[in-house]
Amino acid sequence: MQTVLITGGAGFIGQNLVHAWRAARPEDRLVVVDALTYAANLRSLEPLIAEGTITFVDGDIRNMTLLQRLFDEHRFLRVVHLAAESHVDRSIDDPGVFLQTNVLGTFTLLKTALDAWRAASLLDRARLLHVSTDEVYGSLDATDRAFSERSPYRPNSPYAASKAASDHIVRAYVMTYGLPALITNCSNNYGPFQHPEKLIPLMIIHALEGKALPIYGDGSNVRDWLHVSDHCAALMKVIDGGRTGETYNIGGDSERSNLEVVNLICEIIDCAFAADSTLGSRFPSCPAATGRSCRSLVSFVEDRPGHDHRYAVDISKLTVALGHTTTTPFEDGLTQTVHWYLQQENWWRDVTSGAYRAWIDRNYRRRGKVGESQPVAEKVD
Ligand code: NAD
Ligand code: TYD
């Protein structure tokens with residue numbers, strides 16, 4: 001049995017990791033710390049919090065006092081660091097908070113972990129996994145080789161630069177102080193519980209609501225798509241079996257252009273409506289409700305500034321060292337994901353309408369300012 005801290009555990013990957021970890025290692029005690037930003041969602045964790053299966057702490061990773069108390073109380077042997085500002089478009093509009101959370105927040109966590117593990121003589125047993133992105137490596141041309149762990153860092157967006165900086169601080173803590181940390185750099189995740197601002201959920205929801213599908217530029221930008229369940233499986237392998245001080249790339253072996261992804265989403269929705277007549281009455285504004293293709297909604301819009309052309313990830317190190325394989329083919333994962341959003345209409349409508357934000361403020365937030373976190377969130381009502 002181990003006590004595990006998951007920072008950012010109320011985010012997209014965090015929620016999926018909590019459920020995956022619970023399923024794989026039910027004996028472990030999980031503590032989630034999350035500042036409940038706009039990106040967080042506790043709906044799927046709420047039953048676990050209510051029954052005491054996991055401990056949820058409404059707190060900010062920049063709050064060293066809070067982190068010190070948590071390390072003292074729980075004597076974590078594993079830390080998975082996911083908390084971050086994660087959306088590139090937001091980093092273009094407002095980079096400051098990305099530096100605050102992704103750089104200073106990571107530094108605060110590293111310093112706290114090092115101090116606590118030194119004081120408790122746990123440096124030889126404990127491990128911290130810093131979850132980062134392939135975007136730190138910059139952009140590839142069509143014929144370039146995929147990013148390896150030795151690719152130079154060339155971040156192009158404020159988000160990527162903030163994650164690159166955090167990776168460097170982790171490395172410095174390993175090299176200078178002997179912190180037992182590892183880094184993973186993964187490609188674009190998709191799957192259940194992803195916030196509707198990201199490409200795949202945004203396109204699914206817009207199609208269902210009959211809104212334009214805004215493709216930046218000409219849609220030729222390429223991403224490597226990794227199903228979140230494959231990502232979580234890899235993270236659990238790396239934190240236990242990886243070598244401290246090492247970096248592991250995680251990818252889905254599924255390069256697709258944005259236009260291909262959007263066209264596939266349209267095709268999956270068109271087929272779902274053709275197979276299930278109730279969908280037409282649930283989503284009357286969707287073109288598929290009247291027998292037209294969702295592709296009629298595709299709209300090419302102004303490109304994102306500094307838009308990276310292509311990401312591709314070489315995962316041979318992970319495969320050779322830890323035997324990891326990707327198990328979800330992209331077309332299957334995308335079909336499952338579209339059907340998840342079809343089934344979880346309440347979930348995404350609560351997020352997109354702002355109703356969920358009001359619920360979370362009512363039930364979990366007891367403070368207005370960052371840093372005044374309570375040790376364990378309890379329902380106020
Ligand atoms: P997300 O935006 O869905 O979730 C981030 C979570 O962190 C949210 O719950 C948010 O409330 C929390 N958070 C933000 N600032 C915080 C702070 N100061 N203190 C405590 N909690 C805070 O992100 P995600 O998609 O789940 O990504 C998780 C991690 O994986 C991030 O570090 C991200 O950079 C990395 N990553 C994600 C992807 C992807 O495709 N989603 C790809 C590569 C890397
Ligand atoms: P995104 O989900 O924001 O992830 P990232 O920028 O981290 O890769 O975007 C994925 C790709 O989709 C990226 O090339 C930008 C593009 N995109 C659009 O074309 N339209 C959109 O509305 C969004 C959100 C993204």
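Order of appearance sets the numbers: ligands from 1, and atoms from 1 within every ligand. Predicted model, so just to flag it, every value in this text is computed and none were measured.
No donor-acceptor distance shorter than 3.5 angstrom exists from the side chain of Y137 to the backbone of A312, with no hydrogens or angles considered. Side chain of R310 to main chain of D141: a donor-acceptor pair is present (N/O by atom type, distance under 3.5 Å, no hydrogens or angles).
Between G9, S86, A83, G14, it is S86 that holds the heavy atom closest to atom 1 (P) of ligand 1. Residue nearest to atom 7 (O) of ligand 1, selected from G11, A35, A84, A40: A84 (by heavy-atom distance). Among L36, T37, L67, the residue whose heavy atom lies closest to atom 10 (C) of ligand 1 is T37.
Atom 37 (C) of ligand 1 has I13 CD1, 3.5 Å as its closest protein atom, hydrogens excluded (heavy atom only). Atom 14 (O) of ligand 2 has as its closest protein heavy atom H307 NE2, 2.7 Å. What sits closest to atom 3 (O) of ligand 2 on the protein, heavy atoms only, is R304 NH2, 3.1 Å. The nearest heavy-atom contact from the protein to atom 40 (O) of ligand 1 is N189 N, 2.8 Å. The protein heavy atom nearest to atom 22 (O) of ligand 2 is P214 O, 3.4 Å. Remark: minimum distance from atom 36 (N) of ligand 1 to any protein heavy atom is reached at Y159 OH, 3.9 Å. S132 O, 3.3 Å is the protein heavy atom nearest to atom 44 (C) of ligand 1. Among all non-hydrogen protein atoms, the one lying nearest atom 42 (C) of ligand 1 is S187 O, 3.4 Å. Scanning the protein for heavy atoms near atom 29 (C) of ligand 1, the closest one is L82 O, 3.2 Å.
The shortest N or O to N or O distance between R223 and ligand 2 is below 3.5 Å. Below 3.5 Å of separation, one finds an N or O of Y216 facing an N or O of ligand 2. Close N/O approach between N258 and ligand 2 is found [any backbone or side-chain N/O within under 3.5 Å]. Of the N or O atoms in E197, none lie within a sub-3.5 Å distance of an N or O in ligand 2. Taking any N or O of L202, backbone or side chain, none lies under 3.5 Å from an N or O belonging to ligand 2. The N/O atoms of L199, backbone and side chain alike, include one that comes under 3.5 Å of an N/O atom in ligand 2. Looking at E135 next to ligand 2, an N or O pair under 3.5 Å apart turns up.
Annotation for ligand 2: atoms under 4.0 Å from non-hydrogen atoms of H87 are 3 (O). The ligand atoms of ligand 2 that sit less than 4.0 angstrom from a heavy atom of K198 are 2 (O). In the vicinity of V88, heavy-atom distances shorter than 4.0 Å reach the ligand 2 atoms 6 (O), 7 (O).
Atom CZ of R304 has more than 12 heavy atoms from other residues, nucleotides or ligands within 6.0 Å.
Inter-residue side-chain proximity for T37 and E85 is flagged as met; some heavy-atom pair is nearer than 4.5 Å. At least one side-chain heavy atom of N188 sits under 4.5 Å from a side-chain heavy atom of Y311. Between R223 and S257 there is no side-chain heavy-atom pair separated by less than 4.5 Å. H227 places a side-chain heavy atom less than 4.5 Å from the side chain of P192.
Contact annotation: Y38 has no heavy atom less than 4.0 Å from any atom of ligand 1. Under a 4.0 Å heavy-atom criterion, G105 is not in contact with ligand 1. Within the structure, ligand 1 lacks H195 among the residues with a heavy atom less than 4.0 angstrom away. Between D60 and ligand 1 there is a heavy-atom distance shorter than 4.0 Å.
To the nearest 0.5 Å, the span separating OG1 on T184 from CG on L129 amounts to 4.5 Å. Taking CG of D230 as the start and OH of Y190 as the end, the distance is 7.5 Å to the nearest 0.5 Å.
Residue-level proximity to ligand 1 for H87 is absent, since no heavy atom of it falls below 4.0 angstrom.
For the pair R90 and Y38, the cation-pi criterion (under 6.0 Å, within 45° of the ring axis) is fulfilled.
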